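Source: prediction; values computed, not measured. Heavy-atom basis, side chains included; hydrogens, waters and symmetry copies ignored.
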Amino acid sequence: MSNVKHTLTSILFATAAVFCGIEAKAADTEILVKISDVKLTKDLNGATTGCDFNATFYNRSAFNVNNAGLELIWTDDAAENIINQEKAEAELISNAGESTTARRANANRSRTSLRSSTEEATPGQVSLTVELPPLNSYQQLTLPLKLKNDRCFLLVNDKMDINVNDCSLSGTTAATADNRGQQTEDKKSCTRIFKYVSSRDSQYYREFKPISLEEQKKIETDANEKNKNDIAVSYQNALDGMNKAIQTLSEIK
């Protein structure tokens, strides 16, 4: 009997070890992303014009991420359904006015070429481009972001797609390759490791590190400084442009 217990115990420990190994391996290849603190911005009439929110990135992979350019995409399912319906109707109307020969020739045309009045006024997707600062292995970073769109309710959806426009890797995984195709491989790897975590996922509350008040203040201060610098640069560019215009006019005279 004791031998049976010993055997069962060994099997359980072996199974647990395999499971933990698989889980650890998965955790070592992910950068978790969550959205929080969504605050609506409104105009004088009380209409929503956009929102401020935080995007937190937790790099629990074995390598460092640099120069990451991301596109966060939220899909409005209600708008998408209407758009698809309008395009289907447009396709039926178009087919009705075509000959059989023309219909066969256009059978493989893309539906994106069909017209949808809803899509022109309200696209089915809302997106935001984000430049991610260098993020080292097992480091967490929170960025204050702004979305200029009245459909901020999409940010609390269970799904957000992440497109990687640019990315480079360094560390144990990336150091093994040094060739002309490394940039392409880095982009492919980055595309696979970014994972959105919704508020319905237990990892939303369990995996991310808490942010101290000092860290939050620093994030807000850095964001304000960046906004001030951007405004100063825009003002200087406008001033330089005006001076050039004045100089050109004086030369013409």
Side-chain angles (χ1 to χ4, degrees), residues 19-20 22-42 46-63 65 68-83 122-165 167 189-224 226:
F19 177 78
C20 290
I22 293 173
E23 189 175 33
K25 186 176 180 181
D28 285 343
T29 57
E30 290 179 339
I31 296 178
L32 303 182
V33 185
K34 78 170 183 178
I35 302 299
S36 62
D37 303 315
V38 179
K39 299 176 182 177
L40 300 180
T41 55
K42 300 183 178 183
T48 300
T49 58
C51 54
D52 298 319
F53 65 97
N54 288 337
T56 301
F57 300 82
Y58 175 38
N59 183 2
R60 63 177 189 182
S61 71
F63 40 80
V65 179
L70 309 176
E71 185 180 16
L72 311 183
I73 304 172
W74 299 271
T75 299
D76 188 340
D77 292 331
E80 281 281 287
N81 291 336
I82 295 173
I83 290 169
T122 309
Q125 292 183 333
V126 174
S127 64
L128 180 67
T129 301
V130 177
E131 297 296 328
L132 186 64
L135 188 63
N136 295 331
S137 178
Y138 293 100
Q139 180 184 12
Q140 179 172 296
L141 175 68
T142 297
L143 297 179
L145 301 175
K146 183 184 293 290
L147 180 66
K148 296 180 180 179
N149 193 287
D150 61 356
R151 288 182 286 170
C152 289
F153 60 86
L154 296 175
L155 273 64
V156 297
N157 281 358
D158 294 336
K159 183 181 179 181
M160 180 184 75
D161 295 317
I162 303 174
N163 286 350
V164 178
N165 299 324
C167 181
S189 299
C190 286
T191 300
R192 291 193 293 266
I193 63 177
F194 281 95
K195 177 186 176 183
Y196 172 62
V197 179
S198 76
S199 58
R200 291 178 180 269
D201 192 324
S202 62
Q203 292 183 103
Y204 186 95
Y205 309 95
R206 175 167 49 88
E207 290 297 323
F208 291 89
K209 302 174 183 178
I211 301 174
S212 67
L213 184 60
E214 288 74 17
E215 289 175 316
Q216 187 62 40
K217 285 182 178 178
K218 186 178 185 304
I219 290 170
E220 293 173 357
T221 300
D222 291 346
N224 289 334
K226 184 178 183 303

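Across all their heavy atoms, Ala79 and Arg151 have their closest contact at CB-NH1, 4.1 Å. Listed here is the closest heavy atom pair of Val65 and Cys167: CG1-SG, 3.8 Å. Contact between Glu131 and Gly69 at its shortest, heavy atoms only, is OE1-CA, 3.9 Å. Closest of all the heavy-atom pairs between Phe63 and Ile193 is CE1-CD1, 3.5 Å. Across all their heavy atoms, Gln139 and Asn136 have their closest contact at OE1-N, 2.8 Å. Between Gly124 and Glu80, the shortest heavy-atom contact is CA-OE2, 3.3 Å.
The side chain to side chain donor-acceptor pair (under 3.5 Å) test applied to Asp77 returns no partner, not counting sequence neighbours. Considering only residues two or more places apart in sequence or on other chains, Val38 meets the side chain to side chain contact (heavy atoms under 4.5 Å, CB included) condition with Ile35, Cys51, Phe53, Leu155. Legend: residues meeting side chain to side chain donor-acceptor pair (under 3.5 Å) with Thr129, ordered by chain and number and at least two apart, are absent. Residues passing the salt bridge (Lys or Arg N to Asp or Glu O under 4.0 Å) test with Asp150, sequence neighbours excluded: none. Partners of Asn59 under the side chain to side chain donor-acceptor pair (under 3.5 Å) rule, at least two apart in sequence or in another chain, are Ser61. In this structure Asp161 satisfies the side chain to side chain contact (heavy atoms under 4.5 Å, CB included) test together with Ile73, Thr75, Lys159, sequence neighbours excluded. For Tyr204, the side chain to side chain contact (heavy atoms under 4.5 Å, CB included) partners at least two apart in sequence or on another chain are Lys34, Ser36, Val197, Ser199. Scored by the side chain to side chain contact (heavy atoms under 4.5 Å, CB included) test, Pro134 finds Asn66 as partners (sequence neighbours excluded). Every residue meeting the salt bridge (Lys or Arg N to Asp or Glu O under 4.0 Å) condition with Asp52, not counting sequence neighbours, appears here in chain and number order: Lys146. Judged as a salt bridge (Lys or Arg N to Asp or Glu O under 4.0 Å), and not counting sequence neighbours, the contacts of Glu207 are Arg60.
Here CG of Leu143 is found 9.5 Å from CG of Leu70. Values are rounded to the nearest 0.5 Å. Atom CG of residue Asn81 and atom CG of residue Asp76 lie 9.0 Å apart, to the nearest 0.5 angstrom. Atom CH2 of Trp74 and atom SG of Cys152 lie 8.5 Å apart (nearest 0.5 Å). Atoms OH and NZ, on Tyr138 and Lys209 in that order, are 10.0 Å from each other to the nearest 0.5 Å. Tyr196 OH to Ile162 CD1: the interatomic distance, rounded to the nearest 0.5 Å, is 9.0 Å. Put simply, CG on Leu141 and OG1 on Thr56 are 8.0 Å apart, with the number rounded to the nearest 0.5 Å.
For the pair Leu128/Asn149, no side-chain contact is recorded, criterion being any heavy-atom separation below 4.5 Å from C-beta on. The side-chain heavy atoms of Thr48 and Lys42, taken from C-beta on, include a pair separated by under 4.5 Å.
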Open item on the list: Would Thr29 and Arg192 count as a side-chain contact (heavy atoms from CB on, under 4.5 Å) here? Give the steps.
Closed with: CA-CA 8 Å; Thr29 57; Arg192 291 193 293 266; over 6 Å; no
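Note: Phe194 and Phe57 have perpendicular aromatic rings, judged against thresholds of 30 and 60 degrees for the angle between ring planes.
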